[in-house]
Amino acid sequence: MLQLTDKHNCCGCEACAQRCPCKCITMQQDIEGFLYPQIDLTLCTNCGLCEKTCPIINLPHSQKSKQVLAAKIKDNDILLKSSSGGIFSLIAEYILQQNGIVFGAKFNDKWEVIHDYTENSDNLDEFRRSKYVQSRIGESFKKTEKFLKSGKLVLFTGTPCQINGLKLYLKKEYENLYTISIACHGVPSPKIWNLYLNEIITTNPNMYISSINFRDKTNGWTNYRFKLELHSTSCDQQTCIQMNYRDNIFMKAFLQNLILRPSCEDCKIKIHKNLSDITIGDLWGVSETYPELGSELGISFLLINTNKGELLLNKLNVEKHTIDLNKIRIYNGGLLNKFQPHKDREVYFKNLSKMKKFSCYTNRFVQITFITKLKNKFRQYLKK
């Protein structure tokens with residue numbers, strides 16, 4: 001039976017709740033807005049399956065990636081709709097053309113981030129683009145297993161801990177399963193995301209949210225903007241909230257590690273204990289490391305972790321180049337290293353219920369001082 005004494009040891013993948021044969025595990029939200037397993041001891045039979053599916057308890061042996069590549073698709077329309085190099089779209093389209101299933105993160109009708117699946121390429125746009133909130137897995141592992149046993153080809157995308165949770169849940173390898181993990185900075189609290197959205201709605205009465213894009217690339221990939229569109233409930237009036245990601249209050253809280261899940265602070269999985277076939281991330285710093293590959297519309301790095309991932313990529317028409325992992329990790333700090341939590345994280349969540357206005361309260365913790373700006377510029381200089 002799982003005994004969670006330290007929240008740093010739970011990534012919230014929900015594998016334990018889905019695997020429990022007695023249905024005695026439910027996922028409950030804590031005061032920070034993250035889900036943790038709660039066990040009904042009156043129903044538990046101590047079968048131990050919950051422990052066997054936990055990706056934090058059952059860490060795999062470290063393994064190096066087979067290939068490290070830079071890649072981007074050739075379709076500029078899809079590239080503009082994607083967060084980086086459009087590789088997810090290319091792979092997902094291929095799976096769907098084979099009459100397969102694609103699982104990934106999308107918004108529901110309340111703009112919460114959930115895991116879901118599609119069998120139709122017309123719905124693929126819902127799964128594109130980064131969503132900087134921890135997704136609710138729900139019963140996606142159960143559904144994946146059902147599709148796999150029926151012989152369907154399945155692509156499952158998620159964070160490294162979600163992929164490892166899925167693999168442990170399944171208990172065996174399936175030849176018809178492909179997995180893609182994202183290079184994860186850490187997952188922000190869904191509760192904080194809801195507080196942010198509620199403030200937007202409150203300050204824009206009689207309006208509803210019609211679209212959200214964390215990584216709008218209209219002004220370029222490296223200078224992306226947070227974009228949120230609202231429509232009037234009574235007429236054709238439309239309002240667009242957009243700003244550089246450095247100026248958006250939610251993005252600042254995310255990137256300064258103020259609202260990340262505790263387990264993200266010292267991720268046990270990262271890339272070398274990652275069971276996915278392919279890992280995808282933004283090739284930040286490409287203009288310094290590989291200037292000949294630079295792209296205003298975005299470019300990805302790919303870690304090819306398995307033979308299956310290698311074979312899959314070889315089937316696709318994609319521009320790719322071999323690169324050096326040690327070069328790109330300089331500009332992708334969270335790729336291999338643990339994060340330093342925000343020094344006031346505990347205080348922030350402790351007093352969250354007392355706040356009067358979300359943005360004003362949060363801004364007190366994420367203001368960048370002149371000294372910090374100088375330090376950041378100095379770090380950038382050292383990287384170059």
Side-chain angles (χ1 to χ4, degrees), residues 4-12 28-36 56 111-113 130-135 159 161 183-203 212 214-215 224-226 228 241 243-270 284 331-380 382-383:
L4 185 61
T5 57
D6 185 346
K7 289 185 176 179
H8 289 80
N9 294 327
C10 175
C11 62
Q28 300 294 326
Q29 190 179 88
D30 72 348
I31 61 170
E32 295 181 351
F34 296 109
L35 296 175
Y36 293 92
I56 303 297
W111 297 103
E112 300 164 328
V113 182
S130 300
K131 299 168 184 71
Y132 297 126
V133 186
Q134 180 162 34
S135 65
T159 61
C161 55
C184 184
H185 178 89
V187 290
S189 163
K191 178 179 181 178
I192 301 302
W193 174 239
N194 286 334
L195 288 172
Y196 171 74
L197 292 184
N198 287 338
E199 182 171 284
I200 296 291
I201 294 298
T202 302
T203 54
I212 297 175
F214 285 95
R215 299 276 300 276
Y224 66 86
R225 300 172 69 81
F226 177 91
L228 184 150
I241 299 172
M243 62 191 75
N244 186 281
Y245 69 94
R246 296 183 186 91
D247 300 321
N248 179 267
I249 189 66
F250 181 83
M251 290 297 290
K252 286 198 287 187
F254 163 48
L255 293 172
Q256 292 186 37
N257 304 337
L258 178 65
I259 55 175
L260 300 186
R261 190 180 181 96
S263 61
C264 299
E265 293 171 10
D266 186 12
C267 178
K268 303 291 192 300
I269 298 170
K270 289 294 181 181
W284 299 126
Y331 297 89
N332 294 268
L335 190 58
L336 297 172
N337 306 322
K338 67 179 182 180
F339 293 110
Q340 183 66 37
H342 192 287
K343 62 182 180 63
D344 294 322
R345 184 191 183 281
E346 186 176 343
V347 176
Y348 176 80
F349 279 107
K350 183 179 180 180
N351 297 305
L352 190 63
S353 60
K354 301 175 186 178
M355 72 173 187
K356 293 182 179 179
K357 187 175 181 182
F358 170 77
S359 58
C360 293
Y361 175 73
T362 304
N363 195 52
R364 288 163 43 195
F365 294 86
V366 296
Q367 284 182 337
I368 301 178
T369 64
F370 178 72
I371 297 298
T372 302
K373 289 179 181 178
L374 284 179
K375 287 180 179 178
N376 290 340
K377 287 185 177 180
F378 184 65
R379 288 193 191 99
Q380 291 173 2
L382 290 178
K383 286 179 180 179

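Just the heavy atoms: all of them, side chains too, but no hydrogens, waters or symmetry mates, feed the values below.
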Trainee: Taking the side chain as C-beta and beyond, is there a heavy-atom pair between Lys350 and Val347 under 4.5 Å?
Mentor: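 A side-chain contact under 4.5 Å is absent here.
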Trainee: Quick one: does Asn9's side chain get under 4.5 Å of Lys268's, heavy atoms only?
Mentor: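 Yes. Closest side-chain heavy atoms under 4.5 Å.
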Trainee: Measure the OG1-CD1 distance between Thr159 and Ile269 for me, rounded to the nearest 0.5 Å.
Mentor: 7.5 Å
Trainee: If I take atom CG from residue Leu228 and atom CD1 from residue Ile200, how far apart are they, to the nearest 0.5 angstrom?
Mentor: 6.0 Å
Trainee: Let me confirm one number: the CD1-OG1 distance from Ile241 to Thr203, rounded to the nearest 0.5 Å.
Mentor: 6.5 Å
Trainee: Let me know which of Ile212, Val133, Ile201, Asn194 forms a side-chain contact (heavy atoms from CB on, under 4.5 Å) with Trp111.
Mentor: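 So the option named by the test is Ile212.
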Trainee: Lys7: what forms a side-chain hydrogen bond (donor to acceptor under 3.5 Å, both in side chains) with it, not counting sequence neighbours?
Mentor: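 Partners of Lys7 by the side-chain hydrogen bond (donor to acceptor under 3.5 Å, both in side chains) criterion, ordered by chain and then number, come out as Asp30.
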Trainee: Excluding sequence neighbours, so at least two apart, what forms side-chain hydrogen bond (donor to acceptor under 3.5 Å, both in side chains) with Gln29?
Mentor: none
Trainee: At their closest point, which heavy atom of Thr202 faces which heavy atom of Asn198, and how far apart are they?
Mentor: OG1-O, 2.7 Å
Trainee: How long is the span from the CG atom in Asp247 to the CZ atom in Arg225, to the nearest 0.5 Å?
Mentor: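 Rounded to the nearest 0.5 Å, the CG-CZ separation comes out at 8.0 Å.
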Trainee: Indicate the atoms forming the closest heavy-atom contact of Pro190 with Gly33, along with that distance.
Mentor: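 Heavy atoms of Pro190 and Gly33 come nearest at CD-O, 3.4 Å.
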Trainee: What's the spacing between Asn244 CG and Phe226 CZ if we round to 0.5 Å?
Mentor: 12.5 Å
Trainee: Compare every heavy atom of Tyr224 with every heavy atom of Leu255, then report the nearest pair and how far apart it is.
Mentor: CD1-OH, 4.5 Å
Trainee: Measure across Phe358 and Glu199 and return the closest heavy-atom pair with its distance rounded to 0.1 Å.
Mentor: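 The pair with the smallest heavy-atom distance is N-OE1, 2.9 Å.
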Trainee: Does Arg261 make a cation-pi contact with Tyr36 (under 6.0 Å, within 45 degrees of the axis)?
Mentor: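 Yes, a cation-pi geometry.
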Trainee: To the nearest 0.5 Å, how far apart are CD1 in Ile56 and NE2 in His8?
Mentor: 11.5 Å
Trainee: Could I get the full list of side-chain hydrogen bond (donor to acceptor under 3.5 Å, both in side chains) partners for Arg215, not counting sequence neighbours?
Mentor: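 Testing Arg215 for side-chain hydrogen bond (donor to acceptor under 3.5 Å, both in side chains), a comparison that skips the adjacent residues, returns Tyr132, Asp282.
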Trainee: Where do Pro188 and Phe254 come nearest, in terms of heavy atoms and distance?
Mentor: CG-CD1, 3.3 Å
Trainee: Is there a donor-acceptor contact under 3.5 Å from the side chain of Thr362 to the main chain of Ser359?
Mentor: no
Trainee: Return yes if some donor-acceptor pair links the side-chain N/O of His342 with the main-chain N/O of Tyr348 below 3.5 Å, else return no.
Mentor: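 Pair absent, no side-chain N/O of His342 close to backbone of Tyr348.
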Trainee: Within a strict 4.5 Å, meaning less than it, do heavy atoms of the Ile192 and Leu258 side chains meet?
Mentor: no
Trainee: Taking all non-hydrogen atoms of both residues into account, name the closest pair between Cys264 and Gly186 and its distance.
Mentor: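 Closest approach of Cys264 to Gly186: SG-CA, 3.7 Å.
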Trainee: List for me each residue that meets side-chain hydrogen bond (donor to acceptor under 3.5 Å, both in side chains) alongside Ser135, sequence neighbours excluded, and say none if there are none.
Mentor: His115, Gln162
Trainee: List the residues meeting side-chain contact (heavy atoms from CB on, under 4.5 Å) with Lys252, not counting sequence neighbours, and say none if there are none.
Mentor: Ile249, Gln256, Asn363, Val366
Trainee: Name all pairs fulfilling the side-chain hydrogen bond (donor to acceptor under 3.5 Å, both in side chains) condition that reach into residues 184-193, sequence neighbours left out, sorted by first residue then second.
Mentor: His185-Asn257
Trainee: Side chains of Phe214 and Asn248, heavy atoms from C-beta outward: is any pair under 4.5 Å?
Mentor: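 Heavy-atom side-chain distance check fails, nothing below 4.5 Å.
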Trainee: Indicate the ring-plane relationship of Phe250 and Tyr196, choosing parallel, tilted or perpendicular according to the 30° and 60° boundaries.
Mentor: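 Tilted: the ring planes of Phe250 and Tyr196 meet at 30° to 60°.
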